[in-house]
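Okay, structure first, notes after.
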Amino acid sequence: QVQLVESGGGLVQAGGSLRLSCVASGSIFSINTMAWYRQAPGKQRELVARITSSGSTNYADSVKGRFTISRDNAKNTVYLQMNSLKPLDTSVYYCNLRTIVNRDYWGQGTQVTVSS
């Protein structure tokens, strides 16, 4: 089993920055893909950013140029650096890990609120 523990969410003013962290523990395999998703009330969960074991990344169009996903394999940690935050970024953000056999693990979610 894999456990994901998130931190770094909170309240920030528009234009500000936050960095989310997600630490994975348990039966961790080196070949995996990690990602951040978000889900606002009444909306479907959407992919924000993804990073593969080889370092390849992709982002939702709405966050390109503002968010950066990175990983530290020695610490089993993935980060989401969020800059130039907008009120529309307000959501619950979830950490995701997908194994080589396409099994998904999820964090509990952390609230990000951006005030205008």
Side-chain angles (χ1 to χ4, degrees):
Q1 287 292 323
V2 175
Q3 297 80 44
L4 303 175
V5 179
E6 298 154 313
S7 62
L11 175 65
V12 66
Q13 293 183 344
S17 298
L18 286 173
R19 188 178 75 158
L20 305 183
S21 300
C22 174
V23 180
S25 62
S27 300
I28 306 298
F29 297 96
S30 60
I31 302 177
N32 59 65
T33 297
M34 300 191 73
W36 290 95
Y37 288 74
R38 66 187 182 187
Q39 186 170 23
K43 298 185 65 177
Q44 185 176 341
R45 187 172 299 188
E46 65 173 345
L47 176 68
V48 177
R50 175 189 288 123
I51 184 166
T52 69
S53 60
S54 63
S56 179
T57 61
N58 64 280
Y59 298 89
D61 288 341
S62 60
V63 307
K64 286 181 179 177
R66 300 187 297 121
F67 291 10
T68 302
I69 188 170
S70 61
R71 63 192 296 167
D72 185 338
N73 290 330
K75 298 180 179 180
N76 293 323
T77 301
V78 63
Y79 304 94
L80 185 67
Q81 178 66 47
M82 304 185 294
N83 298 326
S84 302
L85 282 162
K86 305 174 180 179
L88 288 175
D89 295 318
T90 295
S91 190
V92 178
Y93 285 72
Y94 297 90
C95 180
N96 168 266
L97 182 151
R98 177 166 289 182
T99 71
I100 195 171
V101 295
N102 292 329
R103 182 185 296 271
D104 280 326
Y105 295 90
W106 295 92
Q108 79 288 344
T110 184
Q111 177 71 45
V112 172
T113 302
V114 184
S115 64
S116 59

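Remember, predicted model here, so these are calculated numbers, not experimental data.
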Nearest heavy-atom contact between Ser91 and Ala40 is OG-N, 3.1 Å

Same cluster or not: Trp36 versus Val2, using hydrophobic residues (I, L, V, M, F, W, Y) connected whenever any side-chain heavy atoms lie under 4.5 Å apart? yes

Students often mix this up, so state it plainly: with edges at 30° and 60°, are the rings of Tyr94 and Trp106 parallel, tilted or perpendicular? perpendicular

Please find the pair of heavy atoms, one from Arg38 and one from Asp89, that lie closest to each other, and give the distance. NH1-OD1, 3.1 Å

Salt-bridge criterion met for Lys64 and Asp61 (N-O under 4.0 Å): yes

Are Leu18 and Leu80 linked, directly or through intermediate hydrophobic residues, by side-chain heavy-atom contacts shorter than 4.5 Å (ILVMFWY only)? yes

Taking Val112 as the starting point, is it possible to reach Tyr79 by hopping between hydrophobic residues whose side chains are less than 4.5 Å apart? no

Within the supplied structure, the quantity of interest is the number of heavy atoms (other residues, nucleotides, ligands) at a distance under 6.0 Å from Leu47 CG; does it exceed 12? yes

For the student: nearest non-hydrogen atoms of Val78 and Ser70, plus distance: CG2-O, 3.1 Å

Side chains of Gln3 and Val23: closer than 4.5 Å at any heavy-atom pair? no

Are any side-chain N or O atoms of Thr110 and backbone N or O atoms of Tyr93, one a donor and one an acceptor, separated by less than 3.5 Å? no

Which atoms form the tightest heavy-atom contact between Ser84 and Ser17, and what is the distance? N-OG, 4.3 Å

Are a donor atom and an acceptor atom from the side chains of Ser54 and Ser56 found within less than 3.5 Å of each other? no

Give, for atom CZ of Arg103 and atom CG of Leu97, the distance between the pair rounded to the nearest 0.5 Å. 11.5 Å

ILVMFWY network linking Tyr59 to Leu20, side-chain heavy atoms under 4.5 angstrom: yes

Hydrophobic cluster identity match, Ile51 and Tyr105, side-chain contacts under 4.5 Å: yes

Interatomic distance, CZ@Arg19 vs CE@Met82, rounded to 0.5 Å, equals 11.0 Å

Verify the distance criterion only: is there a donor paired with an acceptor across the side chains of Asn32 and Thr99 at less than 3.5 Å? no

Roughly how far, to the nearest 0.5 Å, is the OG1 atom of Thr33 from the CG atom of Asn96? 9.0 Å

Over all atoms of both residues, closest heavy-atom pair of Arg66 and Leu85: NH1-CA, 3.9 Å

Polar side-chain atom of Glu6 near backbone of Cys22 as donor-acceptor pair, under 3.5 Å: no

How far apart are the closest heavy atoms of Cys95 and Met34, and which atoms are they? SG-CE, 4.1 Å

